[in-house]
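For reference, the structure is listed below as structure tokens.
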Amino acid sequence: TVSFMQKINAAILNKRKGFHLCHQVIAAMETQLSNGPTCNNTSNGPSTISNNCSSPVESGSIEDSKTNLIVNYLPQNMTQEELKSLFGSIGEIESCKLVRDKITGQSLGYGFVNYVDPKDAEKAINTLNGLRLQTKTIKVSYARPSSASIRDANLYVSGLPKTMTQKELEQLFSQYGRIITSRILVDQVTGVSRGVGFIRFDRRVEAEEAIKGLNCQKPPGATEPITVKFANNPSQKTSQALLSQLYQSPNRRYPGPLAQQAQRFRLDNLLNMAYGVKSRFSPMAIDGVTSLAGINIPGHAGTGWCIFVYNLAPDADESILWQMFGPFGAVTNVKVIRDFNTNKCKGFGFVTMTNYDEAAVAIASLNGYRLGDRVLQVSFKTNKTHKA
DNA sequence: TTTCATT
């Protein structure tokens, strides 16, 4: 099934649809804020259910780092700085690395965050695992020690009985080693298994043994044998897609009326020269023109769109701002303003978002939102330094 | 029929 956030992002991209899906954003958010981030994926941390009891290697051994985290399922456009900003809101970070394709430089959708204090690492797992950012639900877990032996341990499994559950799939494969992730692909409409799945083992040798033991074998009770092989590497697909894009006719990349595109392009260039604005524009294009005559653009701070959030509770923290605004689009930074002495929130904070469209939807949706017993006021930050 | 991109 299509998630709420996928619908929302589709709405954001399709400007003709306006803001009528905002209530769905709120509905999705209500669930998240009331339940807190939840994500019960098979973990590579100590909580995995898939350990082989007879395995000589205990999970969560003493040499495992208690400060280094792996973060998976990050939005494609999220930068290392944004990753640092998000996880830095929990505690002091020793180092932070977004993994990128060596050739294209594109994010591979995961990264590592190493905290100074193990308690902050634990807190990050508890508060940020399962956080929704744009169309993604991020996964936060302890990183395994870096090693060549854990690479290329991902298996593609096909021909599975349609009735087989993820748990049964794990049971079948767990005899060969420690499972890091498992998934069964389902039909988007019916939700029925497509008979295809993935198993990521802790180590490549375990994956090799599973291929030897299970490829072309019938699972218990099955009528047909399954196929087990190493999965394709997704980064290869990205490179191929990028290469094929180079050969596409340029005008195929820009749907819609040509005149409209050209006009927007000119406006973008003007704004880019004046303010370093890079993103796609729609309603603000008009304001952008007037701003060239010296009129302030509300909320625009050079690196993104700054949003003012008022009426936060004294115990509000950065994570609540990430949870509220993250689903609407690219958030580069959040800040809760605190009293210097008490360290309590002074009732307001700021959120920076990269794209105007996404910021506008977030504001339209969250202004007037009831958080606990308070009604929030959300707007573009205004420049009040020049008041008479 | 290759995922919600695990060094």
Side-chain angles (χ1 to χ4, degrees), chain A residues 1-6 9 37-45 48 50 59 64-65 68-78 80 83 95-114 125 129-160 162 166 169 177-204 206-207 211 226-242 326-327:
Chain A
T1 53
V2 180
S3 75
F4 276 153
M5 290 320 302
Q6 286 171 313
N9 272 1
T38 53
C39 191
N40 296 319
N41 294 337
T42 305
S43 160
N44 71 358
T48 178
S50 315
S59 71
D64 285 2
S65 168
N68 198 25
L69 302 179
I70 183 165
V71 187
N72 284 289
Y73 311 120
L74 293 168
Q76 172 62 232
N77 58 9
M78 193 169 191
Q80 182 164 296
L83 184 67
S95 62
C96 173
K97 172 92 188 284
L98 179 70
V99 179
R100 297 177 177 279
D101 185 288
K102 284 188 180 66
I103 295 163
T104 68
Q106 291 282 93
S107 165
L108 295 187
Y110 68 95
F112 298 89
V113 175
N114 193 18
I125 292 174
N129 184 36
L131 177 70
R132 278 197 286 265
L133 292 177
Q134 301 173 55
T135 60
K136 304 287 189 177
T137 301
I138 70 169
K139 180 181 174 186
V140 184
S141 52
Y142 288 110
R144 293 168 290 160
S146 180
S147 157
S149 67
I150 68 173
R151 291 181 54 185
D152 303 315
N154 195 22
L155 295 179
Y156 173 80
V157 188
S158 58
L160 293 167
K162 297 288 195 285
Q166 183 181 348
L169 180 68
R178 175 184 171 200
I179 295 170
I180 300 303
T181 55
S182 69
R183 168 163 292 111
I184 289 178
L185 303 188
V186 298
D187 184 284
Q188 295 250 324
V189 178
T190 66
V192 173
S193 166
R194 291 162 60 199
V196 172
F198 293 86
I199 293 280
R200 179 181 299 279
F201 278 103
D202 182 35
R203 293 177 295 145
R204 183 181 173 89
E206 296 168 337
I211 292 174
I226 61 173
T227 300
V228 183
K229 51 186 179 181
F230 283 107
N232 291 343
N233 189 338
S235 66
Q236 291 165 358
K237 196 174 69 178
T238 301
S239 300
Q240 285 165 10
L242 272 165

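Every chain is numbered from 1 and lettered A, B, ... according to where its sequence line falls, protein lines coming before strand lines. Small disclaimer: the values here were computed from a predicted structure and weren't measured.
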Of A:Ser158 and A:Leu74, whose closest DNA chain B nucleotide lies nearer the 5' terminus?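 Nearer the 5' end of the strand: A:Ser158.
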Taking the side chain of [X] as its heavy atoms from C-beta onward, which of [options] lies nearest to it?
X	options	value
A:Leu108	B:dT2, B:dA5, B:dT7	B:dA5
A:Tyr73	B:dT7, B:dT3, B:dC4	B:dC4
A:Asn232	B:dT2, B:dT6, B:dT7	B:dT2

Are any side-chain N or O atoms of A:Arg204 and backbone N or O atoms of A:Arg151, one a donor and one an acceptor, separated by less than 3.5 Å?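 Between the backbone of A:Arg151 and the side chain of A:Arg204 there is no qualifying donor-acceptor contact (under 3.5 Å).
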Could you tell me whether the side chain of [X] has a donor or acceptor atom within less than 3.5 Å of a complementary atom in the base of [N]?
X	N	result
A:Arg144	B:dT6	yes
A:Lys97	B:dT7	no
A:Arg194	B:dT1	yes
A:Asn154	B:dT6	no

For B:dT6, take OP1 and OP2 only and decide whether either is under 4.0 Å from a side-chain N or O of A:Asn72.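 Yes, because at least one side-chain N or O of A:Asn72 sits under 4.0 Å from OP1 or OP2 of B:dT6.
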Mind checking A:Lys102 for me? I need base, sugar-phosphate or nothing, with any heavy atom below 4.0 Å counting as a touch.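 Nothing, no heavy atom under 4.0 Å.
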Do A:Tyr156 and the base of B:dT2 stack face to face, with centres under 5.5 Å apart and an angle between planes under 30°?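 It does: the ring sits over the base of B:dT2.
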Check step by step if side-chain contact (heavy atoms from CB on, under 4.5 Å) holds for A:Tyr73 and A:Leu133. CA-CA 9 Å; A:Tyr73 311 120; A:Leu133 292 177; over 6 Å; no
Kindly indicate, with the supporting measurements, whether the criterion side-chain contact (heavy atoms from CB on, under 4.5 Å) is fulfilled by A:Thr227 and A:Tyr156. CA-CA 8 Å; A:Thr227 300; A:Tyr156 173 80; 5.9 Å; no
Which of these, A:Val71, A:Ile70, A:Thr181, sits in a side chain to side chain contact (heavy atoms under 4.5 Å, CB included) with A:Lys139?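 Option passing the side chain to side chain contact (heavy atoms under 4.5 Å, CB included) with A:Lys139: A:Thr181.
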